[in-house]
Number of protein chains: 2
Amino acid sequence: MGLTKTEVFTEQENRVAELAKAFAHPARVAILRLLAEKKACICGDLVDELPLSQATVSQHLKELKRIGIIKGEINPPRVCYCINEAVWEEAQQTFGLVFQALKRPSCC
Amino acid sequence: MGLTKTEVFTEQENRVAELAKAFAHPARVAILRLLAEKKACICGDLVDELPLSQATVSQHLKELKRIGIIKGEINPPRVCYCINEAVWEEAQQTFGLVFQALKRPSCC
DNA sequence: TTTGATTATCGCAATATTACGATTTATATT
DNA sequence: AATATAAATCGTAATATTGCGATAATCAAA
């Protein structure tokens, strides 16, 4: 079906999945790292750094913005993108909790 | 196209993306949490806990196994699944490094 | 050897994602 | 007003993902 049944899962499960999606494509990992390391900020600079077309980069940026982990400041004709620190921290904390949940040793 | 151009990204970027994929669906988040908390281990128990069909759960388990974050011990007719601690730690460390990369403050 | 229990796989359908060329939008500059 | 620049969006194509019923596979037990 290709349609995730989000309504049958908890809000937390859905949010973890959404935050994970931000990192679930190598292009988005690259974009987030460039922004986190401040090697690029203007959208055009990102396009130069990435082996993808302008349209494709813009689409990944849109998805990251939808998730909330980045924000963009319009400064026409340019747009300056950067990490949304609050959501970055939310993700960091969320994954921290997920990983902490492991009770050792595993049974098999 | 729907075809990720993995060959143009670094191995690290691709691995981060793959590990993130393990958590990029609420059902897989739920499965991983159940296994991490040891609330379930036998596949059938997971099916009972999740609002999805046996076939769908089996498919998610297969994907998690492909990524390596879980392993299964066959004990016919049952299969006992559990977290692969080494990969769990790899993921924990990988995401830790990703999140550490943020240089503050953001420029916009 | 048949039955039962458990899990994997197949086949299918529907939606989602990825990618890019072409176009549009929005603004500054001339 | 016309032009140039940068980014978003549109349209399209192809592949991926999600989900499930049905079936197959696997082994224990009767």
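Lettering follows sequence order; numbering is per chain, from 1.
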Could you list the donor-acceptor pairs under 3.5 angstrom formed by side chains in residues 1-11 of chain B, with sequence neighbours left out?
unit_1 : atom_1 : unit_2 : atom_2 : d
B:T4   : OG1    : A:H25  : NE2    : 3.2
B:T10  : OG1    : B:E13  : N      : 3.0
B:T10  : OG1    : B:E13  : OE1    : 3.3

Review point. How does each nucleotide of nucleotides 11-17 of chain C score, in 5' to 3' order, for protein heavy atoms under 4.0 Å: base (B), sugar-phosphate only (S), or none (-)?
Key: --BBBSB
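- Toward the 5' end of DNA chain D, the nearer of the two residues B:A24 and A:V47, judged by each one's closest nucleotide, is A:V47.
- Between B:C41 and B:C80, the closest heavy-atom pair is SG-SG, 2.6 Å.
- Among the atoms of the strands shown, none is found under 4.0 Å from any heavy atom of B:L61.
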Check your understanding: Which letter, B, S or -, goes with each nucleotide of nucleotides 21-30 of chain D from 5' to 3', with contact meaning a protein heavy atom under 4.0 Å?
Key -> B-----SS--
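- At D:dT17, none of the side-chain N or O atoms of B:H60 fall inside 4.0 Å of OP1 or OP2 (strictly under the cut-off).
- In this structure, the CD1 atom of B:I70 is 13 Å from the C1' atom of C:dT7, given to the nearest Å.
- Taking both residues in full, the closest heavy atoms of A:S106 and B:C82 are given as CB-SG, 3.9 Å, listed atom of the first, atom of the second, then distance.
- Considering only residues two or more places apart in sequence or on other chains, B:E37 meets the side chain to side chain donor-acceptor pair (under 3.5 Å) condition with B:K39.
- Straight-line distance from the CD atom of B:E18 to the C1' atom of D:dA16: 14 Å, rounded to whole Å.
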Could you give the side-chain donor-acceptor pairs of residues 43-52 of chain A under 3.5 Å, partners two or more places apart or in another chain?
none

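- Listed by first and then second residue, the ring-ring contact (aromatic ring centres under 6.0 Å, His included) pairs that reach into residues 66-92 of chain A are A:W88-B:F99, sequence neighbours excluded.
- Residues B:V79 and A:A27 both approach DNA chain C. Their nearest nucleotides, taken by heavy-atom distance, put B:V79 toward the 5′ side.
- C:dT6 atom P lies 5 Å from atom CZ of B:R78, rounded to whole Å.
- Applying the side-chain contact (heavy atoms from CB on, under 4.5 Å) rule to B:I74 yields the partners B:P76, B:V79; only residues at least two apart in sequence or on another chain are considered.
- Here C:dT25 presents its C1' atom at 14 Å from NZ of A:K62, a figure rounded to the nearest Å.
- Looking at the side chain of A:C43, the nearest of the listed nucleotides C:dT7, D:dA7, C:dA19 is D:dA7.
- A close approach under 4.0 Å does occur between a side-chain nitrogen or oxygen of B:S58 and OP1 or OP2 of C:dA8.
- The phosphate of D:dA8 (OP1 or OP2) has no side-chain N or O of A:K65 nearer than 4.0 angstrom.
- Looking at residues two or more places apart in sequence or on another chain, you find a side-chain contact (heavy atoms from CB on, under 4.5 Å) between A:E90 and A:R15, A:L19, A:V87, A:T94.
- A sub-4.0 Å separation between OP1 or OP2 of C:dT6 and a side-chain N or O of B:Y81 is absent.
- By the side-chain contact (heavy atoms from CB on, under 4.5 Å) test, A:R78 is found to be paired with A:I42, residues two or more places apart in sequence or in another chain being considered.
- Distances were taken from every side-chain heavy atom of A:L52 (C-beta onward) to each of D:dC20, C:dC20, D:dA8; the shortest belongs to C:dC20.
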